[in-house]
Structure formats: structure tokens, C-alpha cells
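The structure under discussion appears below in the form of C-alpha cells.
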Amino acid sequence: MAKIFLDEDASLDILKDKVIGVIGYGNQGRAQALNLRDSRLNVLVGNIRDYAWDIAISDGFTVKGIDEVSRESDIIMILIPDEVAPEVFDKDILPYLSKGKVIDFASGYNITYGFIKPPEGVDVILVAPRMIGKGVRDLFTQGNGYPVMVGVEQDASGNGWDYALALSKGIGAFLPGGCAVESSFYEETLVDLFSEHSWAGAMLYLLQTCYEALVEEGVSPEVAILELYASGELGEIGHSIAQLGLWNQLKLHSRTSQYGHMTWGKKYITEETKKIMKEAIEEIKDGRFAKEWGLEQVMGLPSFNMLWKLRLSHPVCKEEDKLYKTLGRR
Ligand code: NDP
């Protein structure tokens with residue numbers, strides 16, 4: 001059984017006299033850097049001289065190049081996009097990884113597939129929020145926590161878990177409602193990619209197909225879009241699932257709705273569905289997906305760009321655009 005860590009399991013003491021270098025000031029970088037500073041820790045920001053550099057300066061941080069911050073920091077939090085991290089790591093971080101330093105990741109991807117190979121003598125830890133960057137900051141300012149997955153790939157100092165739990169605490173994961181769950185780089189990569197390759201991706205195609213079916217039956221595009229997702233009810237249901245549980249949240253619906261959910265919902269799930277899920281898991285486990293995605297990037301994203309073109313040419317996007325303009329959302 002995975003261990004669930006709570007506030008009493010972590011202490012900030014191990015970070016008190018350390019310099020924490022946050023590399024990348026995007027979704028996660030900004031949120032985590034602000035939370036760590038509000039937790040009275042010593043934070044430096046490392047970024048390319050770009051858009052995020054100026055934001056970090058206006059937020060009051062000392063900002064330097066990634067190489068400089070890597071040299072000056074004891075703990076290096078790698079919070080740049082996974083696609084660019086291996087190159088940045090080899091060029092600007094690796095040369096400064098002396099014995100005793102700690103490198104922290106918010107995603108298991110590059111370590112799991114060996115795209116980043118840390119040297120011996122450093123701790124390699126994972127603190128992966130199950131929360132978008134905006135949520136990491138907003139929840140913190142409201143005094144609330146969120147879950148993080150923590151793992152230790154290399155424990156050179158013997159303090160890897162203490163560092164992972166201390167950083168989790170510093171970024172606010174242990175505030176009320178939050179926790180850290182014991183995991184690993186491999187497991188985080190598996191579940192993260194699997195979610196993207198299963199329910200999350202399938203839901204978008206399912207909603208698009210629902211739209212097609214309703215419009216073909218004479219429902220107006222506006223009614224279909226508002227009913228299916230634009231009302232925000234989908235988000236409310238997601239919130240209720242998180243708070244009350246997968247099936248228990250259904251008790252908030254009318255009995256007619258409950259009966260319809262339980263009878264019709266399962267007709268869309270067949271033996272084939274589980275088979276496809278197992279295939280997705282296999283492709284993640286044996287590295288086929290990572291290889292395919294790596295190749296796609298090397299080739300200049302031809303399929304990726306084509307897929308975007310196709311998705312945005314679907315009639316639902318045109319109708320959505322008109323509706324969202326009327327509603328003042330665009
Ligand atoms: P972002 O895309 O928001 O990060 C952008 C940051 O990286 C910016 O500071 C940007 O600088 C910098 N950057 C972009 N390209 C380069 C480059 N070539 N060299 C150096 N710096 C570069 O990343 P996220 O915050 O989304 O992701 C960071 C990590 O967190 C990833 O490992 C991700 O998997 C993980 N994660 C992300 C979550 C999320 O909510 N997005 C949730 C949980 C984990 P500039 O803007 O100045 O160009």
C-alpha cells in the first residue's frame with residue numbers, strides 16, 4: 001500500500017540554510033517559486049532571457065541565467081517543459097551538479113526514459129503536483145493544499161525523502177485538503193501518460209461525437225454546446241467526484257439522472273475499451289510512445305500540426321467561436 005504523507009511527516013528545517021534554484025518560470029515554476037518564498041525559503045529563479053524572465057523580475061525575484069542559478073543553488077528544481085529539459089540539463093545544469101546537490105522534477109518522464117542521466121552523488125527526487133500551476137498558487141493563497149506524488153530515484157545523501165517531503169511542504173501541498181503520496185518516477189510517468197491517453201483524450205472525442213449526434217438530430221449547435229460543456233456543469237461534476245467520490249457524487253443528481261447514468265453509461269464501455277487501455281499502457285511501459293513523440297519533435301512536428309489543423313476544422317469549433325463571442329468569452 002502506498003504511504004500517504006501529511007503535514008506532520010515533513011519539516012522545512014532541511015531547506016532552511018539552502019539556496020533553492022527554480023529553473024523555469026512558467027505554469028509550475030512561478031507558482032512553486034512564489035509558494036516557496038512565502039514559506040520563507042531562499043529562492044533564486046533561473047530562466048532564459050525571455051518573457052518569463054521579466055515576470056519573475058516584476059514578482060521581485062533575483063533572476064539569473066540557468067547555468068548561474070545551477071552553480072549557486074543547493075537544490076535545483078527543473079520546471080521547464082519536458083521536451084526541452086534534456087538539452088538544457090546537459091548544457092546548463094549538469095556541469096554544476098557537484099556531490100551533495102539535489103535535483104527535483106515535477107514529472108517523471110525524462111528520468112524514466114533515460115533522456116536525462118543525472119551523475120552519481122546527487123539526490124534525484126520527484127515532487128509532482130496533481131494540480132495545474134495556477135491551482136498550486138491559488139490554493140496556497142487560500143490556505144488550502146493539493147496532492148503531490150513524491151519519489152526518490154537516487155538517494156546519494158540518504159536524505160532524499162526528507163528533501164522531497166520538505167519541498168512538498170514548502171510549495172503548500174500539506175495545507176488542509178492536500179497530501180503527498182509515495183510513488184516513483186516510473187509510476188508517475190505511467191499514470192500521467194495513461195490519463196492523457198485514456199479518459200482525458202477520449203472525453204474530448206466523446207463530447208465531439210455527442211455534439212455531432214445531437215446536431216444531426218436537429219438540436220441547435222448553441223444548445224448542444226451549452227448542454228455538453230460550455231455551461232461549466234462538467235467542471236462541477238469533476239469537482240464533486242473529487243470531493244464525494246466517483247459514484248457517490250451521483251447522489252446529487254435527480255433519480256431520473258441517476259438511473260440514466262447507470263443504465264446507459266455502461267453501454268459505451270465494451271471489452272474492446274479495456275483492451276485499448278492495456279495497449280496504451282504497453283506503449284507507455286515499453287517506451288514506444290516516448291520514442292514516437294521524440295521522433296515527431298525531431299521531424300518538426302508534422303503530425304502534431306496536422307492533428308491540430310484537423311481538430312480545429314471540426315464544425316463544433318466554428319459554432320463554439322460564435323457562441324463564445326456572444327457570451328463575451330472571446
Ligand atoms: P511551462 O511550459 O509553463 O514552462 C515554461 C518555462 O520554461 C518558462 O519559464 C519558459 O521561459 C521556459 N522555457 C521554455 N523553453 C525553454 C528552453 N528551450 N530553454 C530554457 N527554458 C525554456 O512548463 P510547465 O510549468 O507546464 O511544466 C514544467 C514541469 O512541470 C514539466 O516537467 C511538467 O511536466 C510539470 N508539470 C506541469 C503541470 C502543469 O500544470 N502545467 C502539472 C504538473 C507537472 P519563457 O516563457 O521565458 O520562454
Side-chain angles (χ1 to χ4, degrees), residues 20-36 43-59 61-70 76-96 103-113 115-116 118 124-140 145-151 153 164 167-168 171-173 178 180-181 183-197 200 238 284 289-290 293-294 297-298 300-301 304:
I20 303 174
V22 173
I23 306 296
Y25 202 70
N27 294 310
Q28 286 296 325
R30 179 168 191 261
Q32 295 197 27
L34 290 167
N35 292 1
L36 289 166
V43 179
L44 274 182
V45 172
N47 209 80
I48 43 178
R49 273 203 180 266
D50 214 338
Y51 178 66
W53 176 292
D54 298 333
I55 300 177
I57 294 275
S58 66
D59 283 340
F61 283 104
T62 300
V63 190
K64 300 182 178 186
I66 295 174
D67 51 350
E68 242 183 296
V69 169
S70 302
I76 300 164
M77 303 179 73
I78 302 176
L79 299 175
I80 51 180
D82 293 329
E83 309 90 85
V84 305
E87 203 185 324
V88 175
F89 180 85
D90 286 343
K91 189 170 150 285
D92 291 328
I93 301 173
L94 183 61
Y96 308 101
I103 44 173
D104 163 78
F105 293 84
S107 144
Y109 195 86
N110 284 311
I111 293 290
T112 297
Y113 293 117
F115 299 140
I116 286 181
V124 183
I125 64 172
L126 174 79
V127 178
R130 298 347 262 169
M131 183 58 61
I132 57 169
K134 186 178 178 314
V136 165
R137 182 59 184 163
D138 288 352
L139 286 165
F140 184 90
Y146 49 88
V148 292
M149 289 173 76
V150 286
E153 183 77 7
L167 283 181
S168 303
I171 64 170
V181 57
S183 184
S184 65
F185 280 72
Y186 165 75
E187 187 178 63
E188 195 277 339
T189 305
L190 175 62
V191 297
D192 189 51
L193 291 178
F194 179 66
S195 284
E196 291 160 10
H197 300 184
I284 296 165
F289 173 77
W293 176 223
Q297 290 170 75
V298 169
L301 303 173
F304 181 79

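Read the numbers this way: they start at 1 and go in the same order the structure lists the ligands and their atoms.
Considering only heavy atoms from C-beta on, Val150 stays 4.5 Å or farther from Ile125 through its side chain. When side chains are defined from C-beta on, Phe105 counts as touching Val124, because their heavy atoms get closer than 4.5 Å.
For ligand 1, the protein residues placed under 4.0 Å by at least one non-hydrogen atom are Gly24, Tyr25, Gly26, Asn27, Gln28, Asn47, Ile48, Asp50, Tyr51, Ala52, Ile66, Leu79, Ile80, Pro81, Asp82, Val84, Val88, Ala106, Ser107, Pro129, Met131, Ile132, Gly133.
Side-chain atoms of Asn47 come within 3.5 Å of backbone atoms of Tyr25 as a donor-acceptor pair (strictly under, hydrogens ignored). When atom types are taken as modelled, the side chain of Thr62 and the backbone of Leu44 share no donor-acceptor pair closer than 3.5 angstrom.
With a 6.0 Å radius and a threshold of 12 heavy atoms from other residues, nucleotides or ligands, Glu196 has its CD atom above the threshold.
Of the options Ile171, Val22, Val136, a side-chain contact (heavy atoms from CB on, under 4.5 Å) to Gln28 is made by Val136 and by none of the others.
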